[in-house]
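Notes for the one structure printed next.
What you see below is based on every heavy atom in this structure, not just the backbone, and it leaves out hydrogens, waters and symmetry mates. Here the structure is a predicted model, which is why all the values come from computation and not from measurement.
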Amino acid sequence: MVAQKQRTLGIIGGMSWESTQVYYRLINDGIKVELGNLHSADLLIHSVDFAPIGALQAQGAWTELGAMMANSGERLQAAGAQGLLIATNTMHKVVSDVKAAAGLPIIHIADATAEAIKLQGLTKIALLGTQFTMTQDFYKQRLIDAGLQVLIPETDARAEVHRIIYDELCQGQILDSSRQYYRQVITDLANEGAEGVILGCTEIGLLISQADSPIPVFDTTAIHAAAAVNFLLGKND
């Protein structure tokens, strides 16, 4: 019997590698569930050095960052990728640069997340992530365009949520004090009427699970990985 053929998916990862390894595990787990036996995912991964990228993000150098991500996409396309996944929420700010350079379909993390939320019938959603993801239109507007109302933390809480991502989670530090902080932020947003919360940074799922939240949690890493499995198997064609 001939094994089912998969597409080849290119992953732009390393932002941070702490979450990229979770993507790798979840996508392979998903393929194993679907195909069984010794099957694993047909993936190409370009894992970038996150330090210079993080520095450029802090400087607001998005044109340079777009060129870097576009180069990564081109390299993956040249290696045989038939579609791309950017394994981070924040760098979807330059998704159009990557798509233009590589000429490949891209599995957009915000679109996959919005679809998961709407499947549960929710309309008012809290968003946690980097300052860029929480406040800029490249991400939030896609959720709004999908018919969702988006709540974000107040200014000081946004700054601390952002700090924990870069100073701790991206460096493999999982602190209970930070978990407690995120729990309080989620509770505050739930009290403001949020019906669910998006873990809108691919590292937040390392810290927060459904057990930490009084409202449904939407882990973008897990949602994005599931969308990747569907792409590999051509399920949404």
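The closest side-chain heavy-atom distance from T135 to R158 is below 4.5 Å. The shortest side-chain heavy-atom distance between Y139 and I198 falls under the 4.5 Å cut-off. Residues D29 and R25 are in side-chain contact: their nearest non-hydrogen atoms beyond the backbone lie under 4.5 Å apart. Taking the side chain as every heavy atom from C-beta outward, V98 and I12 approach each other to under 4.5 Å. In this structure, I106 and L85 have side chains that are not in contact, with every pair of non-hydrogen atoms separated by 4.5 Å or more. Within the 4.5 Å cutoff, no side-chain heavy atoms of L175 are placed close to those of L207. Between K124 and L148, the closest side-chain pair of non-hydrogen atoms is not below 4.5 Å. No side-chain heavy atom of V217 sits less than 4.5 Å from a side-chain heavy atom of S209.
Listed for the S213 side chain is no donor-acceptor partner under 3.5 Å among the backbone atoms of Q210. A donor-acceptor pair under 3.5 Å is absent between the side-chain atoms of N37 and the main chain of H39, judged by distance alone. Of the possible donor and acceptor atoms, one in the side chain of Q6 sits under 3.5 Å from a partner among the backbone N and O of D42.
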Residues T133, T90; criterion side-chain hydrogen bond (donor to acceptor under 3.5 Å, both in side chains); working and verdict: CA-CA 6 Å; T133 299; T90 296; 3.2 Å; yes
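Taking both residues in full, the closest heavy atoms of A87 and T202 are given as O-OG1, 3.8 Å, listed atom of the first, atom of the second, then distance. Closest approach of C170 and F50 over heavy atoms only: SG-CE2, 3.9 Å. Among all heavy-atom pairs drawn from G205 and D219, the shortest one is CA-OD2, 3.8 Å. The shortest non-hydrogen separation linking P153 to V185 is CG-CG1, 3.8 Å. Of all heavy-atom pairs spanning H92 and I107, the tightest one is NE2-O, 3.9 Å.
Ring-centre distance between H224 and Y23: below the 6.0 Å cut-off.
Counting heavy atoms of neighbouring residues, nucleotides and ligands inside a 6.0 Å radius, atom CG of L119 exceeds 12 of them.
Taking CG of L44 as the reference point, atom CG of L9 lies at 8.5 Å (rounded to 0.5 Å). A distance of 8.0 Å separates CG in N89 from CG in L127, rounded to the nearest 0.5 Å. To the nearest 0.5 angstrom, K99 atom NZ is 11.0 Å from I86 atom CD1. In this structure, NE2 in H108 is found 9.5 Å from OG1 in T113, a value given to the nearest 0.5 Å. Annotation: the span from I174 atom CD1 to E168 atom CD amounts to 8.5 Å, rounded to 0.5 Å. One distance of note links CG of N191 with CD1 of I186; it measures 12.0 Å at 0.5 Å rounding.
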Anything under 3.5 Å between a donor and an acceptor, one on a side chain of residues 60-84, the other on a protein residue two or more places apart or in another chain? List them.
residue	atom	partner	partner atom	Å
S72	OG	H46	ND1	2.7
Q82	OE1	T8	N	2.7

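With sequence neighbours left out, F218 forms a ring pair (Phe, Tyr, Trp, His ring centres under 6.0 Å) with no residue at all. For D167, the salt bridge (charged side-chain N to carboxylate O under 4.0 Å, His left out) test picks out R163, with sequence neighbours left out.
Using bins of under 30°, 30° to 60° and over 60° for the plane-to-plane angle, the ring pair F132/Y166 lands in the perpendicular bin.
Salt-bridge check for K235 with E34: passed, with a basic side-chain N closer than 4.0 Å to an acidic carboxylate O. Between D176 and R179 a salt bridge is recorded (basic side-chain N to carboxylate O distance below 4.0 Å). Using a 4.0 Å cut-off between charged nitrogen and carboxylate oxygen, D111 and R142 count as a salt-bridge pair.
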